[in-house]
Amino acid sequence: MATSRLPAAEFDAEEQLDARHLPEFPRDPSGMVQMLSPEGELKSSAFRGYLPAEDELAALYRDMYLIRRFDQEATALQRQGELALWVPMRGQEAAQIGSARAMQVQDYAFPTYREHGVAVARGVAHADLLKLFRGVTNGGWNPKDTNFHLYTLVLAAQCLHAVGYAMGMQRDQFAEPSLPKAATVAYFGDGASSEGDVHESMVFAASFNAPAVFFCQNNHWAISVPTEVQSRVPLAHRAQGYGFPGIRVDGNDVLAVQAVTRWALDRARNGGGPVLIEAFTYRMSAHTTADDPTKYRLATEEEQWVARDPLTRVERHLRAAGTGDDFFQQLEEEAVGLAKDLRTAVLSMSAPGLEHRFATTYAEAHPLIQEELKAWRDYEAGFDVEGGAR
């Protein structure tokens with residue numbers, strides 16, 4: 001089975017391999033799996049038999065539209081000082097919603113810190129996503145409720161967790177064959193792909209044939225470093241070095257992303273082993289609200305990607321297929337209500353007292369922590385209500 005749709009790089013062994021001779025593959029979109037063109041035209045061919053139903057597209061569009069509105073409101077809240085930080089995702093809606101909707105209930109997702117669309121699609125409440133950024137908790141939700149792990153701020157660490165969890169699933173399935181077949185999805189960006197944890201996790205996944213899908217959202221900029229500085233070949237090609245398939249998909253095409261991810265997950269669940277998916281997309285906003293992308297990329301580049309907006313192409317197709325204004329108007333009203341409820345929820349959030357920190361350091365009571373808690377209480381008791389020492 002072919003592991004890539006792109007030609008291998010050809011080098012003259014006598015040439016010095018410097019930036020003047022290396023091909024610019026990373027930004028070349030040729031060979032990607034695509035089902036819905038930027039103009040909204042649906043291609044008739046399926047990907048290895050996977051072709052989402054026509055009636056799925058309106059639901060996928062709704063998911064993408066609402067998560068973009070959520071992202072906009074969260075950005076506004078941060079700018080107004082209500083969140084300590086925010087990690088925008090504008091432009092990556094199709095990659096996240098398409099992959100999330102391809103998962104089954106028993107599958108488990110391991111995110112970075114930008115997978116807001118995946119989180120909501122898996123059942124995490126919008127307000128819970130903001131608790132971490134509000135600074136009122138170290139998490140925000142119970143992963144057991146949704147099979148969506150807590151956000152990982154350490155680059156690529158979640159890839160190791162995903163493979164380890166997948167190996168655990170593998171062993172559970174062996175011990176109890178009646179369990180539903182399951183797989184994990186490790187989300188990471190093009191920048192995180194340069195981390196050693198990604199390499200190590202892929203080595204383990206390949207060695208143990210783990211049911212893990214590596215989902216790389218190549219948004220072209222690792223904070224301020226372009227993809228071509230990090231990789232001289234498409235990221236999907238790296239899978240060849242580990243002995244499992246790598247595939248590149250148009251990350252702004254929600255149908256193609258869903259089809260490719262469904263195929264990869266089915267393959268992983270049924271003993272086929274890991275797959276690397278490179279979703280070729282673009283971060284249309286800042287890396288975080290602490291970032292200024294105008295310092296490292298041109299406005300003309302951003303404008304080129306506006307024409308490939310994942311929401312625009314789906315809207316074009318829906319309207320051409322006869323979807324009326326009522327659908328879009330109702331969706332906008334739903335989005336306005338979502339933003340209003342979200343703002344109310346965030347403004348009502350308050351941080352727990354310091355005693356909560358002592359109670360959540362360990363799963364069970366710990367003598368040293370209890371001693372430190374008593375010392376803190378004694379210290380607090382030394383002050384009167386006005387804040388002055390007794």
Side-chain angles (χ1 to χ4, degrees), residues 1-6 29-64 92-109 115 117-118 121-122 147 162 166 169 180-187 205 209-218 234-237 239-240 244-281 308 310-311 313-314 317-318 321:
M1 175 166 47
T3 58
S4 175
R5 292 172 175 259
L6 288 174
S30 62
M32 297 187 303
V33 177
Q34 186 183 83
M35 291 184 174
L36 194 65
S37 73
E39 295 71 36
E41 298 176 353
L42 184 63
K43 300 181 179 181
S44 58
S45 59
F47 172 75
R48 302 192 181 184
Y50 292 81
L51 183 63
E54 179 73 19
D55 58 3
E56 287 185 83
L57 200 49
L60 293 171
Y61 179 79
R62 174 183 176 274
D63 287 343
M64 293 193 295
Q92 298 181 224
E93 294 89 352
Q96 295 193 16
I97 296 300
S99 60
R101 291 305 184 190
M103 298 175 69
Q104 295 182 2
V105 174
Q106 69 272 19
D107 296 327
Y108 200 108
E115 277 68 54
V118 182
R122 295 297 286 173
N147 276 12
M169 287 177 166
K181 295 179 180 179
T184 63
V185 180
Y187 288 93
N209 206 45
V213 173
F214 296 96
F215 194 93
C216 177
Q217 293 177 82
N218 180 359
L235 298 176
H237 280 191
Q240 298 177 18
F244 55 81
I247 188 166
R248 208 178 212 194
V249 62
D250 184 345
N252 286 11
D253 177 356
V254 68
L255 293 182
V257 171
Q258 186 182 57
V260 168
T261 309
R262 278 178 175 169
W263 165 78
L265 284 168
D266 284 345
R267 183 182 186 277
R269 292 191 206 100
N270 290 287
V275 175
L276 169 60
I277 298 173
E278 178 192 355
F280 197 80
T281 182
R308 308 179 196 179
L311 273 74
R313 71 174 68 184
V314 177
H317 177 81
L318 290 174

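FYI, side chains are in, hydrogens and waters are out, and symmetry mates aren't considered; it's all heavy atoms of this structure.
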Which atom names give the shortest non-hydrogen contact between A109 and V118, and what distance separates them? CB-CG1, 4.4 Å
Please report the interatomic distance CE(M64) to CG(L311), rounded to the nearest 0.5 Å. 4.5 Å
Taking the side chain as every heavy atom from C-beta outward, state whether W263 and I277 have any pair of such atoms under 4.5 Å apart. no
Looking at E278 and L235, would you say the former's side chain and the latter's main chain have a donor-acceptor pair under 3.5 Å? yes
Are D107 and R269 ion-paired here, with the side-chain N under 4.0 Å from a carboxylate O? yes
Under 3.5 Å, side chain of N209 to main-chain N/O of G271, donor-acceptor pair present? yes
Can you tell whether the side chains of D250 and R313 come within less than 4.0 Å, N to carboxylate O? yes
4.5 Å side-chain heavy-atom contact, L255 and L42: yes
Partner residues of Y108 under the ring-ring contact (aromatic ring centres under 6.0 Å, His included) criterion, sequence neighbours left out: F110, H149, Y165
Take L57 and V254 through the side chain to side chain contact (heavy atoms under 4.5 Å, CB included) test and state the conclusion after the steps. CA-CA 8 Å; L57 200 49; V254 68; 4.1 Å; yes
So which atom in C216 and which in L276 form the shortest heavy-atom distance, rounded to 0.1 Å? CB-CD1, 4.4 Å
Can you tell me if Q104 uses its side chain to pair, donor with acceptor, with the backbone of A182 under 3.5 Å? no
Can you find a pair of side-chain heavy atoms, one from E56 and one from Q258, that are under 4.5 Å apart? yes
Would you give the length of the straight line joining atom CG of L318 to atom OH of Y61, rounded to the nearest 0.5 angstrom? 7.5 Å
Over all atoms of both residues, closest heavy-atom pair of A102 and R262: CB-CG, 3.5 Å
Using atom types as modelled and distance alone, determine if a side-chain donor or acceptor of N252 lies under 3.5 Å from a backbone N or O of R308. yes
State whether the side chain of R248 and the backbone N or O of A236 hold a donor-acceptor pair below 3.5 Å, judged by distance alone. no
If we only count heavy atoms from C-beta on, is the P211 to K181 side-chain gap below 4.5 Å? no
Between F244 and F214, what is the ring plane arrangement, given parallel below 30°, perpendicular above 60°, and tilted in between? parallel
R122 side-chain N/O to V105 backbone N/O, donor-acceptor pair under 3.5 Å: yes
Value for CE (M35) from OH (Y50), rounded to nearest 0.5 Å, stands at 11.0 Å
Rounded to the nearest 0.5 Å, how far apart are CD1 of I247 and CZ of R48? 5.5 Å
On a heavy-atom basis, the closest approach of Y187 and M103 is OH-SD, 4.2 Å
Quick one: do F47 and V249 satisfy side chain to side chain contact (heavy atoms under 4.5 Å, CB included)? Show the steps, please. CA-CA 11 Å; F47 172 75; V249 62; over 6 Å; no
Nearest atoms (heavy-atom pairs only) where A183 meets A268: CB-CB, 4.1 Å
Do L60 and V314 make a side-chain contact, defined as non-hydrogen atoms from C-beta onward lying under 4.5 Å apart? no
Can you pull out every salt bridge (charged side-chain N to carboxylate O under 4.0 Å, His left out) where at least one residue sits in residues 32-42? Sequence neighbours excluded, please. none
Mark yes or no for whether S99, through its side chain, and Q96, through its backbone, hold a donor-acceptor pair below 3.5 Å. yes
